[in-house]
Amino acid sequence: MGSVETQVATDSQSQEVTDGFHLVIDALKINGIDTIFGLPGIPITDFARKAQAEGMRVISFRHEQNAGNAAAIAGFMTQKPGICLTVSAPGFLNGLTALTNATTNCFPMILISGSSEREIVDLQQGDYEEMDQLAIAKPLCKAAFRVLHAEDIGVGIARAIRAAVSGRPGGVYLDLPAKLFGQTVEAQVGKNSLIKVVDPAPRQIPAPDAVQRALDLLKGAKRPLILLGKGAAYAQADEDIRALVERTGIPYLPMSMAKGLLPDTHDQSAAAARSFVLPGADVVLLIGARLNWLLSHGKGKTWGGKDHKAWGGQKFIQIDISPQEMDSNVRIDAPLVGDIGSCVGALLAGIGSGWAKPPADWLGAIEERKSKNLAKMAETLAKNPVPMNFHSALNVVRDIVKANPDAVLVNEGANALDFTRSIVDMYKPRKRLDVGTWGIMGIGMGFAVGAAVVGRDPVIAIEGDSAFGFSGMEVETICRYNLPVCIVIMNNNGVYGGTDKNPTGGPDVAPTVFVKGARYDKMMEAFGGVGVNATTPAELRRAMEEAIRSRKPTLINAVIDETAGTESGRITSLNPQSAKKK
Ligand code: ADP
Ligand code: TPW
Ligand code: MG
C-alpha cells in the first residue's frame, strides 16, 4: 500500500460531497421552510423527490397556478414565504400569475422554477422549454434572482426570503437552471455557505412625531372611523388592534380579508352601515388597507364627494409599512409608516386610559342605520324560496361558520363572492381568504389546499360555478391528500347567472351561460370524495354538517335560482357601456 493511486482513492472517499439538490433543500430547511407546493417535471422532478425524502412536505398539484395560489395563501397565513416549485417555460408561466397576484396582495411567496441551459437560452438556439424566465418575472414581482453556482445557493435563498417577507411583503422569483442541481461541492464548504436568515422581517418603528401627529388628528375627530385591511390581518397584531378599537370606542369597517380580526358581531362594527359611515366620517384611520378601487380611491360619491372624483373632505391617518403608499390617491394628513404591530402599539401607548369615546350622536346614528339594515337582512335570510337563492343558501353557511368559527372560508365568484362577504359573519382573524385586490378568479382550490395544509382547521370553499371551473381539477389533489375541504358550488348555471340569450337565435348559447343543471358533485365522486346535490337549505345544511364532522373531501352542488344574480355582482358599474343601441 502507500501508492499514490491508493492515496487519491482514500481522499475522495473521506471527502464527502453535497450538490445543488441538497443545498437548496438544506437552505430552505434551516430557514424553517418545511412545505413545497408544486408540479414535477424536467428539471425539478428529482428535486421534489429528494425534498420529500429529506422530510419536507411536497404537495403536488394538477396545474401550477393552483400550486402558486396555495403557496401565496400559506405565506399570508404564516408570515413565512410560501414556496411554489415549477418546471421551465410553460410551468413557470403557469405559476407566474399566482406570483404576481401574491405581489399585488402583499403576500410573501417564492416561485422557484427550473430553467433550461443558459448558454442556449441566451443565444436563443431553441432549447427544450427555452425562455428567459428571469427577465419575464422581474417586472411582475417584488424581486427576482438567479443562482448559477452551488456555493451561491445559500445566499440566493436568503435573499429570496428577505425580499419576500421584509417591508411590504410580496412575491419573489428564484431561477434555478437545470445544471445547478447536479453541481457538487465539498459537503463542509456547502454547509458553510448556507445562511440562516436572522430577523427576516425586522420591526419598523414609527417616528414619535408621526405618532403624535396621528394621535392629535384622531383626538380632534367628531366622526372618526377605523378601516382594517388585510395588511392588519397579515401583521398578526390581533390583540393590540382589538385593544385600539375598544379603548378608543371608534367604529370600524373590516375590508374583506380583515373580517374576523374582531368578530363581525362586535358592537363597534359598522359593516352594516358602510354606505353611511364612509361619507359621514371626518377622520379615518387606515390600518393595512390601501385607498385603491376597493375603497373608491378615498374620494367620490362613496365618500360624500360631489362627483365621482371629488374629495369628500375626510382627513386620513394611514398606517402602512410602505412609505410610498401615502398620498397615492388622496392626501394623507398623518402618515404613520412602520409595521402595524409597532404602530398600533405606539398609538395605544399614547392613548393611555383616559381617551374620550367618540361623540354620542355619531355612534347613535350608526347604531340606528345598523339595526335597520340588520333587521332587513334577517327578514331576507328567513325566506325560503324555491329554487334556493344566494340568501337562503348562505343563511345555512352563516350558521355553519358561526358553529365552527375556526373553519377557514375560501370564497370566489361574483354574486357568490359579494353575498357571502356580506352575509357570512367571521369570528377569528385570517379565516376569510378571497379574490383580494385584483378580484381574480381561480384562487379557490389553491387557497383551499394551502389553508388545509398549513393549518389544522377544516376549510369551507364557497364557489361560484364559473369561479370553481378555473381550479376545479384540484378536487383530485384534495382527495389525494385527504384534506378536510368542503366545497359548496353556488350553481346558477353560469357567469353571474344562466339567463342570457344568444341574440342571433343561433345554436351557441350566450357567452355567460353554462350547461344547465350541471352536477359538479360527480366530479368529487370520481376521485373518491363525497358528492352531494343540494336543492334545499335543509339538504345543504345536512351535507355541510356532515362534511365538517367527517373531515372528508366533500363537494356540494347547491342548486341556485339562475335568475338570482346580477351582472358582475356588486361592481356592475365598472362595466363599460356601449353608446350604440343594438
Ligand atoms: P385591503 O385590500 O384589505 O384593503 P390592501 O391589500 O389594499 O388591503 O392593503 C394592505 C396594506 O398593508 C399594504 O399597503 C401593505 O403595504 C400593508 N402591510 C402589509 N403588511 C404590513 C405590516 N406588517 N405592517 C404594516 N403594513 C403592512
Ligand atoms: C382570471 C372575470 C369576474 S367574476 C367571474 C368572472 C369570469 C365569474 C362569475 O360567475 P360565478 O359567480 O363564479 O359563477 P356568480 O355567483 O356571480 O354566478 N378571469 C379572471 N378573473 C376574473 N375576475 C374574470 C375572469 C370574472
Ligand atoms: Mg355562477
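Computed from a prediction, not measured in an experiment: that's the story for all the values here. Whatever order the structure lists ligands and atoms in, that order sets their numbers, starting from 1. Because only heavy atoms are used, hydrogens play no part in the values below, and waters and symmetry mates are left out as well, while side chains stay in.
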Surrounding NZ of K315 (heavy atoms of other residues, nucleotides or ligands, distance under 6.0 Å), is the total greater than 12? no
Closest non-hydrogen atoms of G472 and M523, given as atom of the first, atom of the second and distance, are O-CE, 3.8 Å
Between CD1 of I460 and CD1 of I487, what distance do you get to the nearest 0.5 Å? 12.0 Å
Examine all N, O or S atoms of G494, backbone included, and report whether one is under 2.8 Å from the Mg ion (ligand 3). yes
Compute the shortest N/O to N/O distance between D339 and ligand 1 and return yes if it is under 3.5 Å, no if not. no
Any N/O/S of N492 under 2.8 Å from the Mg ion (ligand 3)? yes
Which residue and non-hydrogen atom of the protein lie closest to atom 18 (N) of ligand 1, and at what distance in Å? G231 CA, 4.0 Å
Ligand 1 versus L227: contacting region, heavy-atom distance under 4.0 Å: neither
Using 30° and 60° as the class boundaries, would you call the ring planes of F76 and F107 parallel, tilted or perpendicular? tilted
Test salt bridge (Lys or Arg N to Asp or Glu O under 4.0 Å) on R290 and D320 and set out the steps. CA-CA 9 Å; R290 287 170 286 186; D320 206 290; over 6 Å; no
Give the residue, atom name and distance (to 0.1 Å) of the protein heavy atom nearest atom 3 (O) of ligand 1. K230 N, 2.7 Å
For A289, the atoms of ligand 1 under 4.0 Å from one of its heavy atoms are 4 (O), 8 (O), 9 (O)
Spacing of CD belonging to E463 relative to OG belonging to S471, to within rounding of 0.5 Å: 6.0 Å
If only side-chain N and O atoms count, and only distance matters, is there a donor-acceptor pair under 3.5 Å linking D561 with T563? yes
Under 4.0 Å, heavy atoms only, figure out whether ligand 1 is touched by the backbone of L295, its side chain, both or neither. neither
For atom 4 (O) of ligand 1, what is the closest protein heavy atom, and at what distance to 0.1 Å? M255 CG, 3.4 Å
Starting from the C-alpha separation in whole Å, work towards a yes-or-no answer on ring pair (Phe, Tyr, Trp, His ring centres under 6.0 Å) for W311 and F316. CA-CA 12 Å; W311 177 48; F316 289 98; 8.2 Å; no
Show the atoms of ligand 1 that are less than 4.0 angstrom away from any heavy atom in N292. 7 (O)
Side chains of K522 and N533: does their closest heavy-atom pair fall under 4.5 Å? no
Is there any protein N/O under 3.5 Å from an N/O of ligand 2, and what does the full list of such pairs look like?
| unit_1 | atom_1 | unit_2 | atom_2 | d |
| --- | --- | --- | --- | --- |
| ligand 2 | 10 (O) | Y496 | N | 3.4 |
| ligand 2 | 12 (O) | A414 | N | 3.2 |
| ligand 2 | 13 (O) | A467 | N | 2.9 |
| ligand 2 | 14 (O) | D465 | N | 3.2 |
| ligand 2 | 14 (O) | D465 | OD1 | 2.6 |
| ligand 2 | 14 (O) | S466 | N | 2.9 |
| ligand 2 | 14 (O) | G494 | O | 3.0 |
| ligand 2 | 16 (O) | A416 | N | 3.0 |
| ligand 2 | 17 (O) | N415 | N | 2.8 |
| ligand 2 | 17 (O) | N415 | ND2 | 2.8 |
| ligand 2 | 18 (O) | N492 | OD1 | 3.1 |
| ligand 2 | 18 (O) | N492 | ND2 | 2.9 |
| ligand 2 | 18 (O) | G494 | O | 3.1 |
| ligand 2 | 18 (O) | Y496 | N | 3.1 |
| ligand 2 | 21 (N) | M441 | N | 3.2 |
| ligand 2 | 23 (N) | G439 | O | 2.8 |

Restricting to N, O or S atoms of D465, which is nearest to the Mg ion (ligand 3)? OD1
Can you list the ligand 1 atoms lying under 4.0 Å from a non-hydrogen atom of Y234? 20 (N)
T437: numbered ligand 1 atoms lying under 4.0 Å from its heavy atoms: 6 (O)
Do the non-hydrogen side-chain atoms of Y173 and L96 ever get within less than 4.5 Å of each other? no
Atom 14 (O) of ligand 1: closest protein heavy atom, distance to 0.1 Å, is D320 OD2, 2.5 Å
Should we say atom CZ of R213 is surrounded by more than 12 heavy atoms from elsewhere, each under 6.0 Å from it? yes
State, yes or no, whether a side-chain contact exists between N94 and H63 at a heavy-atom distance under 4.5 Å. yes
Under 4.0 Å, heavy atoms only, figure out whether ligand 1 is touched by the backbone of C106, its side chain, both or neither. side chain
In terms of residue, atom name and distance, what is the protein heavy atom nearest to atom 5 (P) of ligand 1? R290 NE, 3.4 Å
Got the closest protein heavy atom to atom 24 (N) of ligand 1, with its distance? I340 N, 2.9 Å
Can you name the atoms of ligand 1, numbered from 1 with element, that are less than 4.0 Å from a heavy atom of G338? 24 (N), 25 (C)
With the side chain counted from C-beta on, respond yes when I366 and F276 share a heavy-atom pair under 4.5 Å apart, and no when they do not. yes
For atom 10 (C) of ligand 1, find the nearest protein heavy atom and state the residue, atom name and distance (0.1 Å precision). G288 O, 3.1 Å
Would you mind reporting whether L99 and C141 have side-chain heavy atoms less than 4.5 Å apart? yes
Would you indicate whether the side-chain heavy atoms of T35 and I83 approach each other to under 4.5 Å? no
Heavy-atom nearest neighbour in the protein, as seen from atom 26 (N) of ligand 1, with distance rounded to 0.1 Å: I321 N, 3.1 Å
Report, in ascending order of atom number, the atoms of ligand 1 lying under 4.0 Å from any heavy atom of G229. 3 (O)
Can you find a heavy atom in the side chain of L278 that is under 4.5 Å from one in the side chain of T302? yes
